[in-house]
Participant: 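Sharing a structure here in structure tokens format.
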Amino acid sequence: MVPMTAAAPAILPRVTPPSPTMLSEYLLAEMARAGEAAELPLHRRLYEALRRALLDGKLVAGDRLPSSRDLAHDLALSRNTVVAALGQLTVEGYLVSHVGSGTYVHDHVPQRATRQWAPMAVPAARLSARGEALTQRHRASDLEIQPFVPGAADFSAFPVALWQRLQNKHWRAAYPEMLDYNDSGGYGPLRRAVADYLRVFRSVRLDADQVLITSGTQQSLELCAHLLADHGDTVWLEDPAYWGAVKAFTATGLAIHPVAVDDEGIAPGEADEQRPPRLIYVTPSHQYPTGAVMSLARRQQLLASASRCNAWVLEDDYDSEFRFSGPPISSLEGLDEEGRVLYMGTFSKVLYPGLKLGYLVVPKTLVHAFKQAHYDLNRPGQMPLQAALAEFIEMGHFASALRRARQTYAERRQLLVDALAPVLSSGVGRIHGAAQGLHLCLRLPGHADDRAIAAQAAREGLTVRPLSAYCLQRQDLRGLAIGYGYAAPEAIQRHGAQLCELLGKTASCSSK
Ligand SMILES: Cc1ncc(COP(=O)(O)O)c(C=O)c1O
């Protein structure tokens, strides 16, 4: 039986109570819904359905409920089930029961002037203007992990056992401060290891103190945007552009001004300087997605332009570790005499993206402000993880992982180039950009419908991205970004032939 309480219902029904049939129908529908969401026992589903009726105003203060016997009959439930549900609602104060009189809705439950038996209208999910802009166009979820997805690396060779040992060691040794937020820009030995690496291999001129450990490039970009630009300020972006940068600057309220990229990288002209930027975002070592390497002349031109406009330059060096021929391309930062380049990199490619660690090198004059804002905005931590990574680098494991990965990706790129030979020799496509990174850019004739080709490839289980989808403003680029990092050699050969066949059909069709 429903427990009894001494208090009489303080408020008697003022609006017509629901008929037992309406109530039963409602409860049955709600119980079915609750059952879909989780494997709840029946008394719990009935409890949820009744509680919803109480909260939504379908049952109001003073309503008398049907008897547990009638409810059990109408809902085809056992009486025990009904009693359990009513009992729980009584304990929680929604219902009150009186010997010989029945069970009522407690007067704590709000009275309502009317009852809504139609399903409650769910408010439309209204996003802010910024939210709308952020959810347009490229999405991370478009990057479905299938053969040829651009940018994805192969983590199968990652030394998991060694990584686990290092992590255990640093967890065992972790002193309490290691478990706290960190306000000094990251774990000291890791910042030193990153500085040493960048000085030697990327010609970046820096002290360890200028290195901030971030949760990856997205966070580095957002920090720069928050600290160096105001809402509505202009940022120059390469066109075509890395979608992650588009998102970061959209989220921080900057006005994006696209500047076209050609074979030598970004090429700002006088007209662009009419829209003077606060920030300029570039990928000079391997433009994403065209693969162009920025020439020395262009680097000097860009730095001069930044100087005239008094802009900061954000250099995203996301995959320059994987250069397969010739010496490494030095950083743009290394040419900067005015201290206006902020350099950023990531461990996502050489190690694994879920590690969520990257680095940002800021000019000395900005170190204090960046450390402080990084702490206030992001509450960085993960010190044991950073300590494990520092040791991983110090012991030479990072260098060997890099060597192995470079070798693997060089072979895979060559396999892909070989597999695409029919498309290349027929003149349908040509490879654009440097032999570097985890993807290649296959340029197609201007009339090719690269989106239709990518859509057809997706239907056949391949993820390639149309170049036109990366374009912000320009209409002239057609092609595909094709990743080779993730696919195993035999898959590259097999799917390469498949892609070739598809390109043979679709690209030549769309050129007619
Ligand atoms: C140009 C560019 N920058 C940065 C990243 C990723 O950096 P993170 O994983 O550190 O956010 C990518 C990933 O593909 C990229 O293409």
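Worth saying up front: this structure is predicted, and the values here are computed from it rather than measured. Position 1 is the first residue of the sequence; numbering continues from there. Note that ligands are numbered from 1 as they come in the structure, with each ligand's atoms numbered from 1 the same way.
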Participant: Just which atoms of ligand 1 are under 4.0 Å from any heavy atom in Gln218?
Facilitator: 11 (O)

Participant: Looking at Asp418, Ile431, Ile492, Leu438, which hits side chain to side chain contact (heavy atoms under 4.5 Å, CB included) with Arg413?
Facilitator: Ile431

Participant: Look at atom 14 (O) of ligand 1 and say which protein heavy atom is nearest, naming residue and atom and giving the distance to 0.1 Å.
Facilitator: Lys349 NZ, 2.7 Å

Participant: Please evaluate residues Gln407 and Glu411 with respect to the criterion side chain to side chain donor-acceptor pair (under 3.5 Å), reporting the C-alpha separation (whole Å), side-chain torsions for both, the decisive distance (0.1 Å), and the verdict.
Facilitator: CA-CA 6 Å; Gln407 174 75 23; Glu411 285 163 12; 2.7 Å; yes

Participant: Would Arg459 and Gln456 count as a side chain to side chain donor-acceptor pair (under 3.5 Å) here? Give the steps.
Facilitator: CA-CA 5 Å; Arg459 283 191 286 276; Gln456 180 56 33; 2.8 Å; yes

Participant: Check contact between Ser348 and ligand 1, using heavy atoms of the residue and a distance below 4.0 angstrom.
Facilitator: yes

Participant: Could you say whether the N/O atoms of Tyr281 and ligand 1 ever approach to under 3.5 Å?
Facilitator: no

Participant: Measuring from the heavy atoms of Lys356, does anything fall under 4.0 Å of ligand 1?
Facilitator: no

Participant: What protein heavy atom lies closest to atom 10 (O) of ligand 1? Include the residue and the distance to one decimal.
Facilitator: Thr346 OG1, 2.6 Å

Participant: Write out the residue and atom name of the closest protein heavy atom to atom 6 (C) of ligand 1, then the distance separating them to 0.1 Å.
Facilitator: Tyr242 OH, 3.7 Å

Participant: Is the gap between the ring centers of Phe398 and Tyr197 under 6.0 Å?
Facilitator: yes

Participant: Atoms of ligand 1 less than 4.0 Å from Gly216 heavy atoms?
Facilitator: 10 (O)

Participant: Other residues, nucleotides and ligands only: do more than 12 of their heavy atoms fall within 6.0 Å of CD on Glu273?
Facilitator: yes

Participant: Pick, from Thr217, Thr283, Asp316, Thr214, the option with the minimum heavy-atom distance to atom 8 (P) of ligand 1.
Facilitator: Thr217

Participant: Could you tell me whether Tyr318 and ligand 1 have an N or O pair separated by under 3.5 Å?
Facilitator: no

Participant: Aromatic contact between Phe155 and Tyr352, with the criterion being ring centroids under 6.0 Å apart: yes or no?
Facilitator: no

